[in-house]
Amino acid sequence: QVQLVESGGGSVQAGGSLRLSCAASGRTFSRYGMGWLRQAPGKEREFVAAISWSGGFTYYADSVKGRFTISRDNAKNTVYLQMNSLKSEDTAVYYCAASLGSLQALEVDYWGQGTKVTVSS
């Protein structure tokens, strides 16, 4: 079992930055690929970023590439999403996710409760 708790969401103006954190409980955290997905109002949930269990590989949606950076600290059981140059279209609820499969394909084993990010233009 892995439990995920996100923090760091909030409101920011376009062009600003936010850092999301996801604290995981469970001794098997380091086995899982971790990532972030988001759901904007009226839209389906979509993949944002993922990182392999070792941290050696990262993957990004085209819409956030070059602006967002995912990282993880297995010693702290935490994964991060640094979001820079935020745009209004980044407004969404962001979910932390753990997976033994493909997060790009939305194969999620565990979800966090979500944290809301609002970007005003």
Side-chain angles (χ1 to χ4, degrees):
Q1 276 281 40
V2 176
Q3 293 183 324
L4 306 172
V5 179
E6 302 99 332
S7 60
S11 297
V12 64
Q13 289 193 326
S17 298
L18 282 174
R19 188 195 197 201
L20 305 183
S21 298
C22 173
S25 62
R27 288 177 289 179
T28 59
F29 169 76
S30 60
R31 292 178 50 199
Y32 287 83
M34 298 295 298
W36 295 89
L37 293 86
R38 68 185 181 186
Q39 188 166 20
K43 295 188 177 181
E44 295 189 350
R45 203 165 290 188
E46 64 175 0
F47 168 76
V48 176
I51 187 166
S52 62
W53 66 269
S54 66
F57 297 94
T58 56
Y59 311 88
Y60 297 95
D62 288 342
S63 59
V64 307
K65 205 170 289 184
R67 299 188 298 121
F68 291 11
T69 302
I70 189 170
S71 60
R72 68 188 292 165
D73 185 338
N74 285 343
K76 295 183 178 180
N77 278 14
T78 303
V79 63
Y80 306 95
L81 186 68
Q82 178 67 43
M83 306 186 294
N84 299 329
S85 302
L86 283 160
K87 305 176 181 179
S88 57
E89 51 262 44
D90 295 318
T91 295
V93 177
Y94 284 71
Y95 297 89
C96 180
S99 174
L100 294 175
S102 169
L103 280 164
Q104 293 98 307
L106 305 186
E107 296 173 356
V108 177
D109 293 291
Y110 298 100
W111 292 95
Q113 83 285 355
T115 186
K116 189 172 183 180
V117 171
T118 302
V119 184
S120 57
S121 56

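Since the structure is predicted, the reported quantities are computational estimates derived from the model, not experimental observations. We number each residue from 1, following the sequence as shown.
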>> L106 vs F47, test: side chain to side chain contact (heavy atoms under 4.5 Å, CB included). Steps then yes/no.
In response: CA-CA 7 Å; L106 305 186; F47 168 76; 4.2 Å; yes

Could you state the interatomic distance from [atom1] ([X]) to [atom2] ([Y]), rounded to the nearest 0.5 Å?
X: N77; Y: Q3; atom1: CG; atom2: CD; answer: 12.0 Å
X: T118; Y: D90; atom1: OG1; atom2: CG; answer: 11.0 Å
X: T28; Y: Q1; atom1: OG1; atom2: CD; answer: 8.5 Å
X: L81; Y: T115; atom1: CG; atom2: OG1; answer: 11.0 Å

Judged by atom type as modelled, is there a donor-acceptor pair below 3.5 Å linking the side chain of [X] to the main-chain atoms of [Y]?
X: T91; Y: V119; result: yes
X: S102; Y: A105; result: yes
X: Q113; Y: V5; result: no
X: R72; Y: S52; result: yes

>> Using the rule given for salt bridge (Lys or Arg N to Asp or Glu O under 4.0 Å), can you reason through D62 versus K65, listing the C-alpha separation, both sets of side-chain angles and the distance that settles it, and then say yes or no?
In response: CA-CA 5 Å; D62 288 342; K65 205 170 289 184; 3.1 Å; yes

At their closest point, which heavy atom of [X] faces which heavy atom of [Y], and how far apart are they?
X: A92; Y: R38; value: CB-CB, 3.8 Å
X: N74; Y: F29; value: OD1-CE2, 3.2 Å
X: S30; Y: W53; value: O-CB, 3.1 Å
X: S121; Y: A14; value: CA-CB, 4.1 Å
X: D109; Y: L100; value: OD2-N, 2.7 Å
X: G101; Y: S99; value: N-OG, 2.8 Å

> Can you check side chain to side chain contact (heavy atoms under 4.5 Å, CB included) on Q104 and Y59, steps first, answer last?
Replying inline: CA-CA 8 Å; Q104 293 98 307; Y59 311 88; 3.3 Å; yes

>> Does W36 form a side chain to side chain contact (heavy atoms under 4.5 Å, CB included) with F68? I'd like the steps, not just the answer.
In response: CA-CA 11 Å; W36 295 89; F68 291 11; over 6 Å; no

>> Suppose the criterion is disulfide bond (SG atoms under 2.5 Å apart): which pairs have a residue in residues 67-114, not counting sequence neighbours?
In response: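 Every disulfide bond (SG atoms under 2.5 Å apart) pair that includes a residue of residues 67-114, provided the two are not neighbours, is C22-C96.
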
>> Can you confirm if the aromatic rings of Y110 and Y32 lie within a centre distance of less than 6.0 Å?
In response: yes

Side chains of [X] and [Y]: closer than 4.5 Å at any heavy-atom pair?
X: Y95; Y: R45; answer: yes
X: L103; Y: L37; answer: yes
X: D73; Y: Y80; answer: yes

> With hydrophobic residues grouped by side-chain heavy-atom distances under 4.5 Å, do F57 and V108 end up in a single group?
Replying inline: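 They do share one cluster, since a chain of ILVMFWY contacts under 4.5 Å joins F57 to V108.
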
> Of the options L20, I70, V12, which is the one that meets M83 in a side chain to side chain contact (heavy atoms under 4.5 Å, CB included)?
Replying inline: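 Exactly one option meets the side chain to side chain contact (heavy atoms under 4.5 Å, CB included) with M83, and it is L20.
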
